[in-house]
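Being a predicted model, the structure only gives us computed values, none of them experimental.
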Amino acid sequence: MRREKLLAYLYLLLMALGCTGELVFSDLANPRARLVLKGTYETNDPYGWLPFFNDDAYDSLVAPGQPLHNTDFHTQTLSHGPQHLEWYIDLAEVRLGQGSGPGGGRDAEDYWEFFSRQRLLLCSRYDALQDKELKSCRQEEGLAKLEAFFGEGVEIKANDVLVGTYNHLALYYRKIITNPALLFSDTGSFLSQSTAIFENRGVRGTDIAERYQYSALGGNATLLFPLERKDLKLNIPDENRPYVLEVRTFLKNNINRHIIRVGGLGTTVYFLGPADFRINHRYNTLLESGRLGGNILMDGRIYQPGKVGAVDVSLITIAGGGAVNYKAAIPLGDSFDPQKQLAYAATRGDGMEIRNLPPGSYEILALCDKKRRATGDVLEAGFDGFPETASPPCAQVTITEGSTVISPPATCSCP
Amino acid sequence: MTKRFFITLLLYHFLGVSLFCQFEEESWRFRPQIGLWFGPVTPFPGSALSYYLDTNLGGGIFWRMNLPSDTWRSEVGTSYSYYDSRFQSALHTVPVYGAVDYLLPIELPLTFYAKLGFGAMYVFSEPNKRENWHPLMLLGYEASFPAGKWVNIGARIDYFFVYEGYLRPPPHFPGYRVVNAHLLKFGLMVNFNLSR
């Protein structure tokens, strides 16, 4: 019996040593990760919908004396405003990776951390063509989610991934359909409305994801993840508290009237989509639509909702602003190229506050839309909704957890 | 609480051993068995973890002996099961338990046992690498038939209730829900009679 007693005590001792106090099942059932998706430039308090801008190709064709001046094309499309705009968005996946992509002995399953495989359906209406309806979008309340997507963000179910720093963020938009999208003859008379497929149903509009997510001219036609960034520093903290991965796809208030000619068919295609801020597209041929690739800018950041502060920017004024302006906060010491990334955190030009900033020092600056991409790929004076111009930093603030710092009065001048 | 579980459990087990010594002279004979099983494991459908983990495979080993009674046996066992998911989440479990097995009075060439046991489970979760030992309760059911003198073949179902509710939620995590695990293990089983 003595030996058995000893064994019993030994067993109990091992047990006692094994108790770590860690929550294991609950850790699985309470993911720390939260994924918030936004379709805005702003990280909080975005603008409402602003009027559309015109692409330079559009403007040059409807100018007095030009072929499409005062045609059906001109009158119909010019009347379009945000109240007519409809979206049908199907987001398939959000993934994270460390490195430059699968390959080199690592297959896709090993490379990617699957942050979310929840499909997100957003739509402006539930009825499809031929008296059908968009059932899944209705079930998932896609209307309300669309509003959130272009507002303070839509949260979708996410999963914990390994703690670490990720440079690679990939979004797979299966569809981004905008309506109105119309077809005209080359002389500007109305032919028909474009239709596209969403949720296996016909809807009015055209799928701009095909045009914007890859560059046919750049030779990147078959990317698995056409919308990706490999230059990010997404640090997932090793702390048992929730964190938010906020992913912004800049669509709202960046909408231009575009025109592209389908050569040979004698058809002129009109659609609404983000500005061609990166490479200019022209009217002449269908090939020009390939130049739209890369014109959807995406950015992501991670913060812990319990460990953030805010800055009151009501005393910041913007001088030399353009059609759309933003007030932005950039972590001190970070480089920032307004034509390659979205500002770390931003609010609309007349916004009062920039929120959800992790503690640290930030520079405040303004971003202004004063230019657009035109023939010859030059930036000319004009408006396209994309803020190509950044002011020099005009104020500096230090954010502390749980409080709002008031930025000193300053004027941010866009050159 | 945990410690008391195990003291009771172990005492019960050793009681069996010591009683066996006294009854050796009678017609009852000591018939220990050692067994192996493997089969699918899954979180109980509808339980909290079933939304985060998928079905996978597990396997285990157990040792069993008859108590000085023809209808009761005692069993100790351990196993390993792995549950993964479509995401990065995964769970590894190693239960260590002691149980009493009751021979159900069913007149068939098969042998049926119902089991009740207690023990502890080592659990390790991914991707956040949390680990712990948690108290468990086992409810089991088993059906087997003899395949010759030394071998029995059968199937078993074990339901494990693993208690985590004694832990507090982390302080900076609003809406955190502490959950317990309900795990099911189905096994195809072979056990060997160590004596006749």
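Counted within 6.0 Å of CG on A:Asn200, heavy atoms from surrounding residues, nucleotides or ligands total 12 or fewer; the atom is thus considered open. Around CZ of B:Phe192, the count of heavy atoms belonging to other residues, nucleotides or ligands within 6.0 Å exceeds 12. More than 12 heavy atoms of other shown residues, nucleotides or ligands fall within 6.0 angstrom of atom CD in A:Gln118. Heavy atoms from other residues, nucleotides or ligands lying under 6.0 Å from CG of A:Asp110 number more than 12. Shown here is A:Gln98, whose CD atom has more than 12 heavy atoms of other residues, nucleotides or ligands within 6.0 Å.
Residues of residues 35-48 of chain B lying within less than 4.5 angstrom of chain A, judged on heavy atoms, are absent. Contacts between residues 22-40 of chain A and chain B, defined by a heavy-atom separation under 4.5 Å, are made by A:Glu22, A:Leu23, A:Val24, A:Phe25, A:Ser26, A:Asp27, A:Leu28, A:Ala29, A:Asn30, A:Pro31, A:Arg32.
Proximity to chain A involves both the backbone and the side chain of B:Tyr176, based on heavy atoms less than 4.5 angstrom apart. Proximity to chain A is limited to the backbone of B:Phe124, based on heavy atoms less than 4.5 angstrom apart.
Applying the salt bridge (charged side-chain N to carboxylate O under 4.0 Å, His left out) rule to A:Glu353 yields the partners A:Arg355; only residues at least two apart in sequence or on another chain are considered. For B:Arg86, there are no salt bridge (charged side-chain N to carboxylate O under 4.0 Å, His left out) partners at least two apart in sequence or on another chain.
Rounding to the nearest 0.5 Å places CD of A:Glu239 at 7.5 Å from NE2 of B:His172. To the nearest 0.5 Å, atoms OH (B:Tyr52) and CG (A:Asn159) are separated by 8.0 Å. Interatomic distance, B:Phe87 CZ to A:Lys157 NZ, rounded to the nearest 0.5 Å: 6.5 Å.
Among the candidates B:Arg168, B:Arg130, B:Arg177, the residue making the largest number of heavy-atom pairs closer than 4.5 Å to chain A is B:Arg130. Note on B:Val123, B:Leu49, B:Asn128: by heavy-atom pairs under 4.5 Å with chain A, the leading option is B:Asn128.
Residues A:Leu162 and B:Lys129 are in side-chain contact: their nearest non-hydrogen atoms beyond the backbone lie under 4.5 Å apart.
Taking all atoms of both residues into account, the shortest heavy-atom contact from B:Asn132 to A:Gly21 is ND2-N, 3.4 Å.
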